[in-house]
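For reference, positions follow the sequence shown, starting with 1. Quick caveat, the model's predicted, so the values are computed rather than measured.
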Amino acid sequence: MNAMRVACVSAHGCPRAAPGAGSAGGMSVFLRSVETALARTGVKVDVYAASHGPCPAPTGAETLSLTHVATEDAPEFADDLLAAVEASGMRYALVHSHYWTSIEPGLRLAERLGVPHVFTGHTLAAIKEHAGGAPEPDTRKRTEAAALSLSHAVVTFTEEESALLHDLLGLTPHKAYAVPMGVDAALFRPQPRVEARAALGIGPHERVVLSVGRIEPYKGTDVLVRALALLRDPRDVRLLVVGGNEGEPGVDWLRETARLSGVSGLLDWRRAVLQHELPPYYAAADVCAVPSLHETFGLAALEAMACGTPVVASDAGGLRGLVRHGETGLLCSPGDAAALAEAFDAVLGDPSYARRMGEAGLARAEPFTWESSAARLAAVYEQVASGYLSGSSYQNERQSSTKPRFS
(Lines give C-alpha, C1' and ligand atoms only; values in the text may rest on other atoms or scores of the structure.)
Protein backbone atom coordinates (compact mmCIF):
# COMPACT_ATOMS: atom_id res chain seq x y z
CA MET A 1 0.00 0.00 0.00
CA ASN A 2 1.22 3.53 -0.77
CA ALA A 3 1.59 5.82 2.22
CA MET A 4 -1.83 7.01 3.41
CA ARG A 5 -2.58 9.66 6.01
CA VAL A 6 -5.72 9.49 8.16
CA ALA A 7 -7.26 12.05 10.50
CA CYS A 8 -8.63 10.29 13.57
CA VAL A 9 -11.19 12.24 15.63
CA SER A 10 -11.94 11.60 19.32
CA ALA A 11 -14.07 14.27 20.96
CA HIS A 12 -14.78 12.00 23.92
CA GLY A 13 -11.31 11.70 25.40
CA CYS A 14 -7.61 11.25 24.98
CA PRO A 15 -6.07 7.92 23.89
CA ARG A 16 -3.43 8.30 26.61
CA ALA A 17 -6.00 8.48 29.42
CA ALA A 18 -5.95 5.67 32.00
CA PRO A 19 -8.64 3.09 31.14
CA GLY A 20 -11.39 3.09 33.76
CA ALA A 21 -10.81 6.70 34.85
CA GLY A 22 -13.75 8.98 34.13
CA SER A 23 -15.12 8.12 30.70
CA ALA A 24 -11.94 6.46 29.44
CA GLY A 25 -12.05 2.77 28.60
CA GLY A 26 -11.38 0.37 25.78
CA MET A 27 -11.67 3.16 23.23
CA SER A 28 -8.56 4.86 24.61
CA VAL A 29 -6.63 1.59 24.42
CA PHE A 30 -7.85 0.90 20.89
CA LEU A 31 -6.95 4.36 19.62
CA ARG A 32 -3.46 4.30 21.07
CA SER A 33 -2.63 0.71 20.22
CA VAL A 34 -4.09 0.26 16.76
CA GLU A 35 -2.97 3.66 15.51
CA THR A 36 0.58 2.92 16.68
CA ALA A 37 0.43 -0.44 14.89
CA LEU A 38 -0.97 1.23 11.77
CA ALA A 39 2.18 3.31 11.50
CA ARG A 40 4.12 0.09 10.96
CA THR A 41 1.88 -0.78 8.01
CA GLY A 42 2.67 2.51 6.29
CA VAL A 43 -0.56 4.27 7.33
CA LYS A 44 0.18 7.57 9.05
CA VAL A 45 -2.46 8.56 11.60
CA ASP A 46 -2.91 11.93 13.28
CA VAL A 47 -5.25 11.80 16.27
CA TYR A 48 -7.20 14.96 17.15
CA ALA A 49 -8.55 14.39 20.64
CA ALA A 50 -10.22 16.12 23.54
CA SER A 51 -7.96 17.06 26.40
CA HIS A 52 -8.54 15.32 29.73
CA GLY A 53 -5.92 17.26 31.68
CA PRO A 54 -2.18 16.58 32.00
CA CYS A 55 -1.24 14.02 29.36
CA PRO A 56 0.97 11.06 30.36
CA ALA A 57 4.15 10.60 28.37
CA PRO A 58 4.19 7.90 25.67
CA THR A 59 5.20 4.44 26.82
CA GLY A 60 6.81 1.50 25.04
CA ALA A 61 6.96 1.67 21.25
CA GLU A 62 4.10 4.16 20.94
CA THR A 63 4.50 6.54 17.99
CA LEU A 64 1.10 8.20 18.24
CA SER A 65 0.73 11.63 16.65
CA LEU A 66 -1.63 13.38 19.06
CA THR A 67 -3.09 16.90 19.01
CA HIS A 68 -5.43 18.17 21.73
CA VAL A 69 -8.00 20.56 20.28
CA ALA A 70 -10.51 21.16 23.11
CA THR A 71 -11.67 19.84 26.44
CA GLU A 72 -13.80 16.70 26.50
CA ASP A 73 -17.14 17.00 24.67
CA ALA A 74 -16.74 20.80 24.48
CA PRO A 75 -19.18 22.58 22.10
CA GLU A 76 -16.27 24.31 20.35
CA PHE A 77 -14.57 21.00 19.55
CA ALA A 78 -15.65 20.97 15.88
CA ASP A 79 -14.44 24.51 15.24
CA ASP A 80 -11.14 23.85 17.02
CA LEU A 81 -10.73 20.63 15.03
CA LEU A 82 -11.16 22.37 11.68
CA ALA A 83 -8.76 25.11 12.72
CA ALA A 84 -6.13 22.62 13.93
CA VAL A 85 -6.26 20.59 10.71
CA GLU A 86 -6.06 23.72 8.59
CA ALA A 87 -3.09 24.96 10.61
CA SER A 88 -1.31 21.62 10.21
CA GLY A 89 -1.37 21.83 6.43
CA MET A 90 -1.81 18.04 6.28
CA ARG A 91 -3.67 16.29 3.47
CA TYR A 92 -5.75 13.30 4.53
CA ALA A 93 -7.15 10.36 2.58
CA LEU A 94 -10.07 9.97 4.99
CA VAL A 95 -11.44 10.88 8.42
CA HIS A 96 -12.16 8.22 11.07
CA SER A 97 -14.40 9.36 13.94
CA HIS A 98 -14.74 7.48 17.23
CA TYR A 99 -17.78 7.57 19.54
CA TRP A 100 -20.96 9.52 18.97
CA THR A 101 -19.70 12.93 20.15
CA SER A 102 -17.09 12.81 17.36
CA ILE A 103 -19.61 12.27 14.58
CA GLU A 104 -20.61 15.82 13.73
CA PRO A 105 -17.03 17.20 13.99
CA GLY A 106 -15.73 14.28 11.92
CA LEU A 107 -18.35 14.66 9.21
CA ARG A 108 -17.74 18.40 9.02
CA LEU A 109 -14.02 17.79 8.65
CA ALA A 110 -14.51 15.12 5.97
CA GLU A 111 -16.83 17.43 4.04
CA ARG A 112 -14.36 20.32 4.32
CA LEU A 113 -11.52 18.12 3.06
CA GLY A 114 -13.59 16.34 0.41
CA VAL A 115 -12.68 12.88 1.69
CA PRO A 116 -14.67 9.84 2.92
CA HIS A 117 -15.75 9.39 6.51
CA VAL A 118 -15.40 6.22 8.61
CA PHE A 119 -17.20 5.76 11.94
CA THR A 120 -16.67 3.51 14.96
CA GLY A 121 -19.30 3.73 17.69
CA HIS A 122 -17.65 1.86 20.60
CA THR A 123 -21.16 0.77 21.68
CA LEU A 124 -24.13 2.63 20.24
CA ALA A 125 -27.14 3.84 22.21
CA ALA A 126 -29.46 1.38 20.47
CA ILE A 127 -27.24 -1.53 21.50
CA LYS A 128 -26.99 -0.31 25.10
CA GLU A 129 -30.76 0.02 25.38
CA HIS A 130 -31.28 -3.33 23.65
CA ALA A 131 -29.01 -4.92 26.28
CA GLY A 132 -31.05 -3.47 29.14
CA GLY A 133 -29.09 -0.31 29.81
CA ALA A 134 -30.65 2.98 30.88
CA PRO A 135 -32.42 5.04 28.18
CA GLU A 136 -30.01 7.15 26.15
CA PRO A 137 -30.60 10.76 25.00
CA ASP A 138 -32.57 11.18 21.78
CA THR A 139 -29.83 13.47 20.48
CA ARG A 140 -27.32 10.67 20.72
CA LYS A 141 -29.60 8.20 18.96
CA ARG A 142 -30.31 10.62 16.09
CA THR A 143 -26.63 11.44 15.74
CA GLU A 144 -25.61 7.78 15.60
CA ALA A 145 -28.33 7.01 13.06
CA ALA A 146 -27.00 9.88 10.96
CA ALA A 147 -23.48 8.48 11.18
CA LEU A 148 -24.57 5.07 9.90
CA SER A 149 -26.32 6.75 6.99
CA LEU A 150 -23.71 9.34 6.05
CA SER A 151 -20.46 7.49 6.72
CA HIS A 152 -18.79 5.58 3.92
CA ALA A 153 -17.86 2.72 6.25
CA VAL A 154 -18.64 1.62 9.81
CA VAL A 155 -15.93 -0.28 11.66
CA THR A 156 -17.20 -2.66 14.35
CA PHE A 157 -15.28 -5.09 16.55
CA THR A 158 -17.20 -8.28 15.75
CA GLU A 159 -19.42 -9.68 13.02
CA GLU A 160 -22.13 -9.98 15.68
CA GLU A 161 -21.99 -6.24 16.30
CA SER A 162 -22.28 -5.57 12.56
CA ALA A 163 -25.33 -7.82 12.38
CA LEU A 164 -26.90 -6.14 15.42
CA LEU A 165 -26.48 -2.71 13.85
CA HIS A 166 -28.18 -4.03 10.73
CA ASP A 167 -31.08 -5.47 12.74
CA LEU A 168 -31.54 -2.50 15.08
CA LEU A 169 -30.66 0.45 12.85
CA GLY A 170 -30.69 -0.85 9.30
CA LEU A 171 -26.95 -0.51 8.70
CA THR A 172 -26.24 -1.41 5.08
CA PRO A 173 -24.21 -4.65 5.18
CA HIS A 174 -21.64 -3.51 2.61
CA LYS A 175 -20.68 -0.60 4.88
CA ALA A 176 -19.82 -2.79 7.88
CA TYR A 177 -16.28 -4.02 8.54
CA ALA A 178 -15.39 -6.07 11.62
CA VAL A 179 -11.92 -5.36 13.03
CA PRO A 180 -11.30 -7.27 16.29
CA MET A 181 -9.24 -5.65 19.02
CA GLY A 182 -5.82 -6.98 19.95
CA VAL A 183 -3.56 -7.33 22.94
CA ASP A 184 0.10 -6.51 23.48
CA ALA A 185 1.54 -9.95 24.24
CA ALA A 186 4.85 -8.43 25.29
CA LEU A 187 3.03 -6.54 28.04
CA PHE A 188 0.18 -8.88 28.94
CA ARG A 189 1.74 -12.27 29.61
CA PRO A 190 1.86 -14.76 32.48
CA GLN A 191 4.04 -13.86 35.43
CA PRO A 192 4.54 -15.36 38.89
CA ARG A 193 1.45 -14.82 41.03
CA VAL A 194 3.40 -14.65 44.27
CA GLU A 195 5.54 -11.77 42.99
CA ALA A 196 2.54 -9.89 41.59
CA ARG A 197 0.66 -10.21 44.86
CA ALA A 198 3.63 -9.13 46.92
CA ALA A 199 3.95 -6.00 44.77
CA LEU A 200 0.25 -5.20 45.26
CA GLY A 201 0.08 -6.01 48.97
CA ILE A 202 -2.09 -9.11 48.55
CA GLY A 203 -1.57 -12.24 50.62
CA PRO A 204 -0.42 -15.44 48.89
CA HIS A 205 -3.38 -17.49 50.13
CA GLU A 206 -6.16 -15.03 49.38
CA ARG A 207 -8.64 -15.83 46.62
CA VAL A 208 -8.86 -12.80 44.36
CA VAL A 209 -11.71 -11.78 42.05
CA LEU A 210 -10.58 -8.94 39.79
CA SER A 211 -12.61 -6.30 37.96
CA VAL A 212 -10.92 -3.79 35.65
CA GLY A 213 -12.63 -0.80 34.05
CA ARG A 214 -15.29 1.80 34.59
CA ILE A 215 -17.53 1.49 37.64
CA GLU A 216 -21.15 1.80 36.53
CA PRO A 217 -24.38 -0.24 36.27
CA TYR A 218 -23.88 -0.99 32.56
CA LYS A 219 -20.60 -2.68 33.43
CA GLY A 220 -22.45 -4.85 35.96
CA THR A 221 -20.48 -3.59 38.96
CA ASP A 222 -23.49 -3.88 41.27
CA VAL A 223 -24.20 -7.41 40.01
CA LEU A 224 -20.60 -8.33 40.77
CA VAL A 225 -20.86 -7.02 44.32
CA ARG A 226 -24.14 -8.87 44.94
CA ALA A 227 -22.57 -12.06 43.58
CA LEU A 228 -19.82 -11.84 46.20
CA ALA A 229 -22.50 -11.80 48.89
CA LEU A 230 -23.84 -15.11 47.52
CA LEU A 231 -20.57 -17.07 47.61
CA ARG A 232 -20.73 -20.39 49.44
CA ASP A 233 -17.50 -19.63 51.29
CA PRO A 234 -16.39 -15.97 51.20
CA ARG A 235 -13.48 -16.53 53.58
CA ASP A 236 -10.16 -15.25 52.23
CA VAL A 237 -11.91 -13.75 49.18
CA ARG A 238 -10.87 -10.29 48.01
CA LEU A 239 -12.82 -8.32 45.40
CA LEU A 240 -10.14 -6.22 43.71
CA VAL A 241 -11.71 -3.42 41.66
CA VAL A 242 -9.36 -1.33 39.52
CA GLY A 243 -11.10 1.69 38.01
CA GLY A 244 -12.23 5.22 38.68
CA ASN A 245 -10.63 7.87 40.85
CA GLU A 246 -11.33 9.11 44.35
CA GLY A 247 -14.25 11.54 44.32
CA GLU A 248 -15.94 10.06 41.25
CA PRO A 249 -19.62 9.12 41.78
CA GLY A 250 -18.98 5.55 40.64
CA VAL A 251 -16.49 4.91 43.43
CA ASP A 252 -18.89 6.17 46.10
CA TRP A 253 -21.66 4.04 44.55
CA LEU A 254 -19.39 0.99 44.61
CA ARG A 255 -18.65 1.43 48.30
CA GLU A 256 -22.31 1.98 49.16
CA THR A 257 -23.37 -1.06 47.13
CA ALA A 258 -20.79 -3.17 48.97
CA ARG A 259 -22.02 -1.83 52.30
CA LEU A 260 -25.65 -2.58 51.52
CA SER A 261 -24.71 -6.08 50.32
CA GLY A 262 -22.72 -6.78 53.47
CA VAL A 263 -19.40 -7.32 51.67
CA SER A 264 -17.51 -4.12 52.48
CA GLY A 265 -14.87 -6.28 54.14
CA LEU A 266 -14.18 -8.05 50.84
CA LEU A 267 -13.83 -4.89 48.75
CA ASP A 268 -10.39 -3.61 47.76
CA TRP A 269 -10.81 -0.62 45.47
CA ARG A 270 -7.79 0.73 43.57
CA ARG A 271 -7.73 3.81 41.34
CA ALA A 272 -7.50 3.41 37.59
CA VAL A 273 -3.95 2.90 36.36
CA LEU A 274 -2.25 3.31 33.01
CA GLN A 275 -2.31 0.21 30.87
CA HIS A 276 1.34 -0.70 31.35
CA GLU A 277 0.61 -0.96 35.10
CA LEU A 278 -2.25 -3.45 34.68
CA PRO A 279 -0.45 -6.81 34.12
CA PRO A 280 0.39 -7.43 37.82
CA TYR A 281 -3.30 -7.09 38.69
CA TYR A 282 -4.27 -9.77 36.18
CA ALA A 283 -1.40 -11.97 37.36
CA ALA A 284 -2.46 -11.58 41.01
CA ALA A 285 -6.07 -12.63 40.33
CA ASP A 286 -7.59 -16.09 40.54
CA VAL A 287 -10.33 -14.97 38.17
CA CYS A 288 -11.18 -11.85 36.17
CA ALA A 289 -14.85 -10.81 36.20
CA VAL A 290 -16.46 -9.02 33.24
CA PRO A 291 -20.18 -8.93 34.16
CA SER A 292 -21.24 -6.15 31.74
CA LEU A 293 -24.75 -6.07 30.33
CA HIS A 294 -23.05 -5.97 26.92
CA GLU A 295 -19.53 -5.55 25.53
CA THR A 296 -18.81 -4.79 21.90
CA PHE A 297 -15.60 -6.78 22.30
CA GLY A 298 -14.40 -7.34 25.88
CA LEU A 299 -10.84 -6.04 26.01
CA ALA A 300 -10.36 -6.72 29.74
CA ALA A 301 -11.29 -10.37 29.17
CA LEU A 302 -8.71 -10.65 26.39
CA GLU A 303 -6.00 -9.04 28.52
CA ALA A 304 -6.78 -11.41 31.38
CA MET A 305 -6.58 -14.45 29.09
CA ALA A 306 -3.26 -13.22 27.68
CA CYS A 307 -1.99 -13.22 31.28
CA GLY A 308 -3.22 -16.79 31.83
CA THR A 309 -6.10 -15.77 34.10
CA PRO A 310 -9.52 -17.44 33.68
CA VAL A 311 -12.52 -15.22 32.98
CA VAL A 312 -16.07 -15.21 34.30
CA ALA A 313 -18.14 -12.98 32.05
CA SER A 314 -21.57 -12.16 30.73
CA ASP A 315 -22.88 -14.26 27.87
CA ALA A 316 -23.37 -11.15 25.73
CA GLY A 317 -21.88 -9.27 22.79
CA GLY A 318 -18.22 -9.77 22.01
CA LEU A 319 -17.68 -11.71 25.23
CA ARG A 320 -19.78 -14.55 23.85
CA GLY A 321 -17.36 -15.14 21.00
CA LEU A 322 -14.17 -14.36 22.91
CA VAL A 323 -14.63 -16.45 26.06
CA ARG A 324 -15.13 -20.16 25.40
CA HIS A 325 -17.48 -21.43 28.08
CA GLY A 326 -15.94 -24.18 30.19
CA GLU A 327 -12.63 -23.89 28.35
CA THR A 328 -11.15 -20.41 28.87
CA GLY A 329 -13.70 -19.30 31.45
CA LEU A 330 -17.39 -19.34 32.27
CA LEU A 331 -20.28 -17.35 30.80
CA CYS A 332 -23.35 -16.26 32.75
CA SER A 333 -26.61 -14.53 31.87
CA PRO A 334 -26.14 -10.74 32.15
CA GLY A 335 -27.43 -9.37 35.43
CA ASP A 336 -27.69 -12.78 37.12
CA ALA A 337 -25.82 -12.43 40.43
CA ALA A 338 -26.63 -15.99 41.52
CA ALA A 339 -25.16 -17.47 38.31
CA LEU A 340 -22.12 -15.25 38.69
CA ALA A 341 -21.60 -16.45 42.27
CA GLU A 342 -21.91 -20.06 41.18
CA ALA A 343 -19.26 -19.50 38.51
CA PHE A 344 -16.92 -17.89 41.03
CA ASP A 345 -17.42 -20.81 43.39
CA ALA A 346 -16.50 -23.23 40.61
CA VAL A 347 -13.28 -21.40 39.72
CA LEU A 348 -12.18 -20.38 43.22
CA GLY A 349 -12.95 -23.82 44.63
CA ASP A 350 -10.88 -25.82 42.14
CA PRO A 351 -7.37 -24.44 41.48
CA SER A 352 -6.55 -27.16 38.92
CA TYR A 353 -9.72 -26.31 36.96
CA ALA A 354 -8.79 -22.63 37.08
CA ARG A 355 -5.25 -23.40 35.92
CA ARG A 356 -6.49 -25.40 32.92
CA MET A 357 -8.80 -22.56 31.89
CA GLY A 358 -5.99 -20.06 32.28
CA GLU A 359 -3.75 -22.10 30.00
CA ALA A 360 -6.52 -22.44 27.43
CA GLY A 361 -7.18 -18.70 27.63
CA LEU A 362 -3.55 -17.96 26.92
CA ALA A 363 -3.73 -20.03 23.73
CA ARG A 364 -7.03 -18.39 22.78
CA ALA A 365 -5.56 -14.90 23.11
CA GLU A 366 -2.53 -15.59 20.93
CA PRO A 367 -4.07 -14.70 17.51
CA PHE A 368 -5.45 -11.38 18.78
CA THR A 369 -2.63 -8.92 18.09
CA TRP A 370 -2.69 -5.20 17.41
CA GLU A 371 -0.65 -5.90 14.27
CA SER A 372 -3.49 -8.08 12.99
CA SER A 373 -6.05 -5.42 13.88
CA ALA A 374 -4.01 -2.74 12.14
CA ALA A 375 -3.61 -4.81 9.00
CA ARG A 376 -7.37 -5.31 8.75
CA LEU A 377 -8.08 -1.65 9.44
CA ALA A 378 -5.51 -0.56 6.86
CA ALA A 379 -7.27 -2.75 4.29
CA VAL A 380 -10.58 -1.07 5.17
CA TYR A 381 -9.03 2.36 4.75
CA GLU A 382 -7.56 1.42 1.38
CA GLN A 383 -10.88 0.02 0.13
CA VAL A 384 -12.89 3.04 1.29
CA ALA A 385 -10.42 5.58 -0.09
CA SER A 386 -10.10 3.76 -3.41
CA GLY A 387 -13.87 3.41 -3.74
CA TYR A 388 -14.37 7.09 -2.99
CA LEU A 389 -11.81 8.21 -5.55
CA SER A 390 -13.28 5.94 -8.22
CA GLY A 391 -16.79 7.31 -7.59
CA SER A 392 -18.19 4.03 -6.30
CA SER A 393 -21.47 3.53 -4.48
CA TYR A 394 -19.95 4.92 -1.27
CA GLN A 395 -19.86 8.45 -2.66
CA ASN A 396 -23.05 8.15 -4.67
CA GLU A 397 -24.99 6.86 -1.67
CA ARG A 398 -23.87 9.71 0.54
CA GLN A 399 -24.57 12.36 -2.08
CA SER A 400 -28.10 11.03 -2.56
CA SER A 401 -28.87 10.97 1.18
CA THR A 402 -30.92 13.59 2.97
CA LYS A 403 -28.82 14.90 5.80
CA PRO A 404 -30.45 13.88 9.12
CA ARG A 405 -30.73 16.34 11.99
CA PHE A 406 -28.07 16.01 14.70
CA SER A 407 -30.15 17.68 17.39
Side-chain angles (χ1 to χ4, degrees), residues 18-21 192-273 277-293 300-301 304 307 309-314 329-330 332-351 353-355 357-358:
R193 178 171 295 173
V194 171
E195 294 179 11
R197 289 189 171 192
L200 297 173
I202 299 172
H205 302 298
E206 293 186 69
R207 297 181 295 162
V208 178
V209 177
L210 172 69
S211 174
V212 174
R214 295 196 304 279
I215 301 171
E216 59 180 51
Y218 190 73
K219 293 294 184 179
T221 310
D222 54 333
V223 181
L224 172 60
V225 170
R226 293 200 305 273
L228 267 290
L230 299 175
L231 291 178
R232 287 197 300 265
D233 182 8
R235 290 175 299 174
D236 299 323
V237 172
R238 180 192 294 240
L239 174 57
L240 181 59
V241 178
V242 182
N245 283 314
E246 194 67 65
E248 290 183 2
V251 176
D252 294 334
W253 172 68
L254 169 66
R255 289 169 172 154
E256 179 64 8
T257 303
R259 185 188 68 79
L260 293 174
S261 299
V263 295
S264 294
L266 306 184
L267 177 63
D268 178 3
W269 170 77
R270 309 282 181 102
R271 65 171 181 82
V273 299
E277 300 176 71
L278 277 175
Y281 290 94
Y282 289 117
D286 292 281
V287 60
C288 179
V290 190
S292 309
L293 296 181
C307 292
T309 301
V311 175
V312 168
S314 294
L330 298 172
C332 308
S333 296
D336 191 335
L340 202 63
E342 185 177 348
F344 289 148
D345 281 330
V347 178
L348 296 175
D350 190 339
Y353 181 45
R355 186 165 51 253
M357 286 197 294

[X] side, atom [atom1]; [Y] side, atom [atom2] - distance, nearest 0.5 Å:
X: L340; Y: R226; atom1: CG; atom2: CZ; value: 10.0 Å
X: L200; Y: E277; atom1: CG; atom2: CD; value: 10.5 Å
X: I215; Y: D222; atom1: CD1; atom2: CG; value: 11.5 Å
X: L330; Y: E342; atom1: CG; atom2: CD; value: 9.5 Å
X: S264; Y: L228; atom1: OG; atom2: CG; value: 11.5 Å
X: D350; Y: D345; atom1: CG; atom2: CG; value: 12.0 Å

Whether [X] side chain and [Y] backbone form a donor-acceptor pair below 3.5 Å:
X: D286; Y: V208; answer: yes
X: S314; Y: S292; answer: yes
X: W269; Y: N245; answer: no
X: T309; Y: Y282; answer: yes
X: R193; Y: A285; answer: yes
X: R197; Y: P204; answer: yes

Identify the two heavy atoms, one from [X] and one from [Y], that lie closest to each other, and give their separation to 0.1 Å.
X: C288; Y: A300; answer: SG-O, 4.3 Å
X: P310; Y: A354; answer: CG-O, 3.7 Å
X: A196; Y: P280; answer: CB-O, 3.5 Å
X: V311; Y: V290; answer: CG1-CG2, 4.3 Å
X: H205; Y: D236; answer: O-CB, 4.2 Å
X: A289; Y: F344; answer: CB-CZ, 3.7 Å

(message) If you apply the rule side chain to side chain contact (heavy atoms under 4.5 Å, CB included), what do you find for I202 with L240, and how did you get there?
(response) CA-CA 10 Å; I202 299 172; L240 181 59; 3.9 Å; yes

With a 4.5 Å cut-off on side-chain heavy atoms, are [Y] and [X] touching?
X: W253; Y: P217; answer: yes
X: P234; Y: V263; answer: no
X: V209; Y: L224; answer: yes
X: V347; Y: V312; answer: yes

(message) Within the supplied structure, the quantity of interest is the number of heavy atoms (other residues, nucleotides, ligands) at a distance under 6.0 Å from E206 CD; does it exceed 12?
(response)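 More than 12 heavy atoms, drawn from other residues, nucleotides or ligands, come within 6.0 Å of this atom.
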
(message) Regarding R255 and E246, does a basic nitrogen lie under 4.0 Å from an acidic carboxylate oxygen?
(response)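 Result for this pair is yes, salt bridge flagged.
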
(request) From the options L254, V251, L210, select the one residue that forms a side-chain contact (heavy atoms from CB on, under 4.5 Å) with V241. (result)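 In the set L254, V251, L210, the residue that makes a side-chain contact (heavy atoms from CB on, under 4.5 Å) with V241 is L254.
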
